[in-house]
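First up is the structure itself, then whatever we jot down about it.
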Amino acid sequence: MRIKITFLPVLLLLCYTVAQAQTTATFENIPFPVALNFRNDAASSNGVFASGNVALPNDYNTQFQYWEGWAISKETDNTTPGFNNQYSAITGKGVDNSAKYALCYTYAGTTMRLTGPAKGGVVNGLYVTNSTYAYFSMLEGDAFAKKFGGITGNDPDFFKLTVKKYRNGQIGADSVDFFLADYRSANNANDYIVNDWRFVDLTSLGNADSLVFYLSSSDNGTFGMNTPAYFCADNVITADMPVSVAEAVAAPAFEVAPNPATDVVVLRTEEAGTAAITDVLGRTVAEVLVQPGTNPISCGTWGRGMYTIRFRETARTVLVR
Amino acid sequence: MLHQRLHLWPVVVLLLGYSPLKAQMQDTATALPVVTIQAFSLRQTLPGESVQPFDSARLHTATHQSLADVLSAQTGIYVKSYGLGSLATLSLRGSSSNQVAITWNGIPIQSPMLGLTDIALLPAFAADAVTLHYGSSGAQWGSGAVGGTLALGSSAPRPGTQLMYNGATGSFGTQNHQAKLNWSNGRFGTATKWFNGRATNDFFYPLTPQIRRQQTNANFAQQGFLQEIYWSPRAPTQWSAHLWRQTNQRQIPPLTTQTRSLAFQNDSVWRAVVQGRFWLKKHIFLAKMAFFDEKINYQDPQILLVAPTGFRTWTSELEHKWQWNRYFSVQTGGQWSAYSAFANAYADTVREQRTALFTNVRWQRGRWQVQVSTRQEWQDGRPVPLMPALGWAYRPRTWATWKGKLSRHYRLPTLNERYWQPGGNPDILPERGWSAETGLEIRTGNGLYAAANAYHRYIHNWVIWALQEGQFFFSANNITAVQSRGTEHRLGWQHHGRNWTLDLGAGYDYVRSVNQIAVQKPALPAGEQLAYTPVHRAFGHVYAHWRGAGVQWQSQFTGAVGGFNEDVPAFWVHQARVEYTVHWRWAQGQFFFQTNNIFNHAYQVIERRPMPGRHYMIGLTTQFFIKNAH
């Protein structure tokens, strides 16, 4: 007991970065104009698209009817290349077959603000994929950008998403990189262009007030990056933890490992009870009786995705691949 | 980014020809037989200007080519060709493409949307005379005449009946047919030209030393006619009307970095000019009206892009020339132009009006010719700074001429630069600056010709499509300045024997055209040579003719240039042509065979746009001429 008391302050501090609950921004709540499959103008909602606990800024030039930043889309055409299909994700749908997803056009970095209880907390991660425009540009080349791999297929091309955070007005030194396309391998069989939703774990960034997304490519010219500067995002999972509450959070009641998991995830705790597992849409996948010690839980049938395990007022997220 | 600038699309052709490049004073341009050219304008070329004329005789041997081919092979001009069957624009003395004025019968034909003309679409057959003016001549020809001016013109038919048919076939499915019917009784004349050409342009080119690829989606077709009517009801009066109709269909081939392309472009062109000329003792009056209608329908089914654009131009011009005495003449005039244009990226049909007043005062006596010119222009009522020019030529010996020119120049913003959405800036300023040049020309009685010119030009308010601070799209801005300087060297020798002719010529141009102000996006460092502006360009030819047989050899060297993504290496291109001409009373026939890129060099003029290797053309030209019975 003395040991527990000794470690209590440390554990309290650690809990500043730990979510008790989480919210997923699915963008399904964004209303669309009739007959349009996208929203590229957020002027009517204070310049942001808000979903869950994130706000996606959007710059819309009314004079030129031109936008930058974030748009929300439910475009399903994932076969037409080119600029005219700029609002489409290569998946043709959102995560878990949802209708809507976010799409980012960024030149020099675009932010995603955290709001409500997520502000100042940890962002667990989000799902990303290529836009149809960028995907086919890299796959086949277009009038401005090269076919990735080049003539021989050996060019070490890449298209990279870099995520950083802002905390208390300062940009963080750490970053998370995710390759939307990667042809750098010496073995061309390993080359790929992402064409499905992939989870990007952002917990390593720690507490954040906002995130910043940058795109970079191996294909650059006088006018800058030739690869279309678009990517798509969905299901942004934020840890809901108001700061005032966070300071009072007790030690973690349990741990889960490995994370990501494939067939089995192990829940380790010192207490008995029932753990509830829900998917990103809040649907209960399983309820498991937990004993003190190590509790293996089979997750092979859950399907790929992010899941939340709740046990005694505490939640953990686990990615199942 | 680049993808937000989807408004400039390329498009056409290739080469051969012969003959010398002779920068020379217009007054002394008599190298080859010249037919009577209808004067396009009363405006006189500044005496200090370097002028290279291509008369009908010279154009005749290049009748199956576009003007892009002719100029690339026979001049120091840098023709930016995007490939066989694709766009070609001009760069003269380090200028950008929209800083070269192109006129037809004295009226500028550049697109007011882009400020340029695709010269790959201008068949050499369509013009009876072509004149290339080197250097700035804004006081004469107005906006865009910064690097130079290319003037196309018509000539009245000779009395009698002339019928011509040209046919040629060549590599990559090339088929050309041209016909001309001229008739004149001295007071009334008509000239009809018809042309039709097509090519598949499916040549092979090396992607790497080990990989060859066949060009796809590169079909090109062109049809058109010109109808010109000349009428001289009585001696001091002359009327003429000119109609040019042309359509083009061309596919846009993929870049070397692209796997496929389905894009294509269809063009429709109407050009009409009516002019009347009256003499009254020491006075000449010229009235001219012109109407141009051009439409471009660019489509790319692969990316669901349909981008129709088009413009109309109405121009009226009045000129008066007063020959006070044998030494002194004054020419004044006014020009009014109205433009309208449409494009998906314009909010609505955009319109513009330009008004200009100009005057040229020339004095010539003995060995001196001096001319002072001025032009004042207004764009939508907004005045452009006064454009003065001073030119002179001094002939200390009969075989030598020293000449020089000092002039101000300008280029008015194009409609795209003003109204394109996003990025157009209605308040953008004209590019403007000063240029100076001087040169020495030697022409001896034994056929030797030599010339050297040096020039300097500075352009302020150079328009760049750039990403400005706080903007998230490229926009037109007056954010840099460019200094151009260089030298031009020409050497030629012609000798006419009893049954033979030998013509040798060579030229070398040195061009430094340097950005003066660093720009971030696009990345244009200060002090760096402009993209697609070769520092070195050289060319030469040998032309030998014995009785009916002729042989031609042409070579061109273009130095390395910087591109937007990679550098384009220097390249040599060589062409050869053999021809045989038969004369029979009132008929003439010529058979020719020519080989282009004879050493099969793999090269590109524009990055990622391959040019063809060795290819051939064989053809026949027939002419019948019957004089009027008296």
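Letters A, B, ... mirror the listed sequences (proteins, then strands); counts begin at 1.
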message = For B:L305 versus A:N84, what's the shortest heavy-atom pair and its separation?
response = CA-ND2, 3.4 Å
B:T257 (side chain) donor-acceptor with A:K146 (main chain) under 3.5 angstrom = no
key: Residues, nucleotides or ligands: over 12 heavy atoms within 6.0 Å of B:Q214 CD   = yes
inquiry  = Are A:Y107 and B:F473, when compared by the centres of their aromatic rings, separated by less than 6.0 Å?
reply    = no
ask   = Taking B:G562, B:S261, B:G423 one by one, which has the highest count of heavy-atom pairs under 4.5 Å against chain A?
value = B:G423
key: chain A contact via B:L255 - which portion, at a heavy-atom distance below 4.5 Å   = side chain
message = For B:L304, which atoms come within 4.5 Å of any heavy atom of chain A: side chain, backbone, both, or neither?
response = both
request  = Measure the spacing between CD1 of B:I303 and OG1 of A:T80 and express it to the nearest 0.5 Å.
outcome  = 10.5 Å
message = For a quick test of reading the model, state the closest non-hydrogen atom pair linking A:I151 to B:T208 and the distance between them.
response = CG2-CG2, 3.6 Å
remark   = Distance col, row A:F83:CZ vs B:D300:CG, nearest 0.5 angstrom, shows 13.5 Å
request  = Name the region of A:D59, side chain, backbone, both or neither, that has any atom closer than 4.5 Å to a heavy atom of chain B.
outcome  = both
ask   = Crowded around B:Q520 CD? As in, over 12 foreign heavy atoms under 6.0 Å?
value = no
inquiry  = Please classify the contact of A:D219 with chain B as side chain, backbone, both or neither, using a heavy-atom distance under 4.5 Å.
reply    = side chain
note = Shortest non-hydrogen pair, A:P81 vs B:Q302, comes out as CD-O, 3.2 Å
Heavy-atom side-chain contact between A:N226 and B:N565 under 4.5 Å = yes
query = Got a second to check how far A:F144's CZ is from B:R608's CZ, nearest 0.5 Å?
reply = 11.0 Å
request  = Show your reasoning for whether side-chain contact (heavy atoms from CB on, under 4.5 Å) applies to A:E140 and B:R260.
outcome  = CA-CA 7 Å; A:E140 300 182 326; B:R260 60 176 174 147; 3.1 Å; yes
